[in-house]
**Student:** 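Supplied in structure tokens, the structure appears directly below.
Lettering of chains follows the sequences in order, A, B, ..., and the numbering in each one begins at 1. Source: prediction; values computed, not measured.
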2 protein chains.
Amino acid sequence: MVYDYAGMVALADPTRRKVFELIADRPRSVIDLTRVLPVSQPAVSQHLKVLKEARLVRAEPKGASNIYHLDPHGLGEMRAWLDRMWGDALDAFKREVDNSKEKRK
Amino acid sequence: MVYDYAGMVALADPTRRKVFELIADRPRSVIDLTRVLPVSQPAVSQHLKVLKEARLVRAEPKGASNIYHLDPHGLGEMRAWLDRMWGDALDAFKREVDNSKEKRK
DNA sequence: CATAATCATAAACCATGGCTTATGATAAGC
DNA sequence: GCTTATCATAAGCCATGGTTTATGATTATG
């Protein structure tokens with residue numbers, strides 16, 4: 001356990017999460033994203049690169065522009081990863097509650 | 001939307017996530033954590049500070065040592081936050097699938 | 001009361017990464 | 001074909017943050 005997980009790092013940055021959410025709203029081109037965001041076009045491209053490597057997002061060339069969509073692959077992986085970590089945390093918390101109950105006896 | 005979310009940032013760093021998972025396994029003192037981790041005691045304390053401010057973790061003084069437990073407050077908040085974001089992402093993906101179906105007609 | 005143990009904070013260091021400008025590559029439009 | 005539009009990459013800058021050593025505060029121990 002405890003490797004570095006790309007999806008987590010990808011969504012930790014506020015701007016990058018904004019990019020992700022914009023794409024989640026609907027597929028968008030790089031320029032389309034740049035128009036909305038307060039950063040330059042290369043900055044957007046770099047965020048997209050990170051999201052793409054985490055497989056959270058997928059590029060679909062259309063003419064001169066690149067339309068970015070959500071990518072089910074990484075989306076599923078991250079969901080599974082979160083569920084696992086979340087399950088562990090909740091189980092741990094449950095154990096803790098049981099322990100304090102036990103002590104109170 | 002799209003503010004910075006403390007819980008997300010808190011769990012983005014690998015070492016800090018390791019700290020969180022160790023505490024999730026069972027409550028531990030700072031020294032106990034330091035013995036396991038490959039970083040110094042002050043480093044551990046600083047990670048704990050971040051986790052505590054995100055309300056993912058809670059300190060319980062016991063003599064000279066500080067026992068850290070999971071904190072249900074932040075845990076619940078983060079879970080809700082993830083569910084919300086995740087719901088949005090999944091809805092968006094669903095919409096996308098429906099759209100491509102529509103196109104194929 | 002003095003020493004040891006545990007922890008948090010401060011200061012300094014330095015790598016990481018997010019941002020910018022500059023530039024080249026590809027595709028559309030005239 | 002030449003210009004325009006869209007995008008990715010490179011190089012450089014700089015703030016952020018994760019780390020270390022040093023130190024002080026608090027509590028147990030003898």
**Student:** How close do A/Ala12 and B/Val9 get, counting heavy atoms only, and between which atoms?
**Tutor:** O-CG2, 4.0 Å
**Student:** Within the distance-only criterion (no hydrogens, no angle test), does the side chain of A/Arg16 pair as donor or acceptor with the backbone N or O of A/Ala10 below 3.5 angstrom?
**Tutor:** yes
**Student:** If each of A/Ala43 and B/Lys49 is mapped to the nucleotide of DNA chain C with the nearest heavy atom, which maps nearer the 5' terminus, i.e. the 5' end?
**Tutor:** B/Lys49
**Student:** Would you mind reading off the distance between A/Asn66 atom CG and D/dC7 atom C1', rounded to a whole angstrom?
**Tutor:** 7 Å
**Student:** Closest heavy-atom contact between A/Val30 and A/Ser45?
**Tutor:**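 The pair with the smallest heavy-atom distance is CG1-OG, 3.9 Å.
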**Student:** Categorize A/Pro42 for me: base, sugar-phosphate, or nothing, with a 4.0 angstrom heavy-atom threshold over every strand shown.
**Tutor:**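 Base contact.
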**Student:** Please list, for nucleotides 25-30 of chain D, all pairs of protein and nucleotide N/O atoms separated by less than 3.5 Å.
**Tutor:**
none

**Student:** Nearest heavy-atom pair of A/Val57 and A/Tyr68: which atoms, and what distance?
**Tutor:** CG1-CD2, 3.3 Å
**Student:** Quick one: closest heavy-atom pair of A/Val19 and A/His47, and the distance?
**Tutor:**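 So the minimum-distance heavy-atom pair works out to CG2-CB, 4.4 Å.
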**Student:** Might you point out which heavy atoms bring B/Leu51 and B/Phe20 nearest each other, and give the distance in Å?
**Tutor:** CD1-N, 4.1 Å
**Student:** Any chain of hydrophobic side-chain contacts (each under 4.5 Å) joining A/Trp86 to A/Trp81?
**Tutor:**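 Yes; tracing contacts between hydrophobic side chains, which count when under 4.5 Å, links both residues.
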**Student:** Nucleotides 13-18 of chain D: which of its N/O atoms have a protein N/O under 3.5 Å away?
**Tutor:**
residue, atom, partner, partner atom, Å
D/dG18, OP2, B/Arg16, NH1, 3.0

**Student:** Can you work out whether A/Ser45 or B/Ser40 has the more 5'-proximal nearest nucleotide on DNA chain D?
**Tutor:**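 Closer to the 5' end of DNA chain D: A/Ser45.
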**Student:** Over all heavy atoms of both residues, which pair between B/Ser29 and B/Ile67 is shortest? Give the atoms and the distance, please.
**Tutor:** CB-CD1, 3.9 Å
**Student:** Rounded to the nearest Å, what distance is computed from the CG atom of residue A/Leu48 to the P atom of nucleotide D/dT6?
**Tutor:**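 So the CG-P distance, A/Leu48 to D/dT6, works out to 15 Å.
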**Student:** With a 3.5 Å distance limit and no angle check, can you tell me whether B/Tyr5 reaches the backbone of B/Met78 through a side-chain donor-acceptor pair?
**Tutor:**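 Side chain of B/Tyr5 to backbone of B/Met78: a pair is present.
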**Student:** Closer than 3.5 angstrom, by distance alone: can the side chain of B/Arg55 be matched with the main-chain N or O of B/Pro72 as a donor-acceptor pair?
**Tutor:** no
**Student:** Students should find this one: the first and last nucleotides of DNA chain C, 5' to 3', lying under 4.0 Å from a heavy atom of chain A. What are they?
**Tutor:**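 So the contact region on DNA chain C extends C/dG18 to C/dA28.
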**Student:** Please test B/Arg58 against B/Glu60 for salt bridge (charged side-chain N to carboxylate O under 4.0 Å, His left out), starting from the C-alpha separation and ending with a verdict.
**Tutor:** CA-CA 7 Å; B/Arg58 166 180 59 85; B/Glu60 190 163 293; 3.0 Å; yes
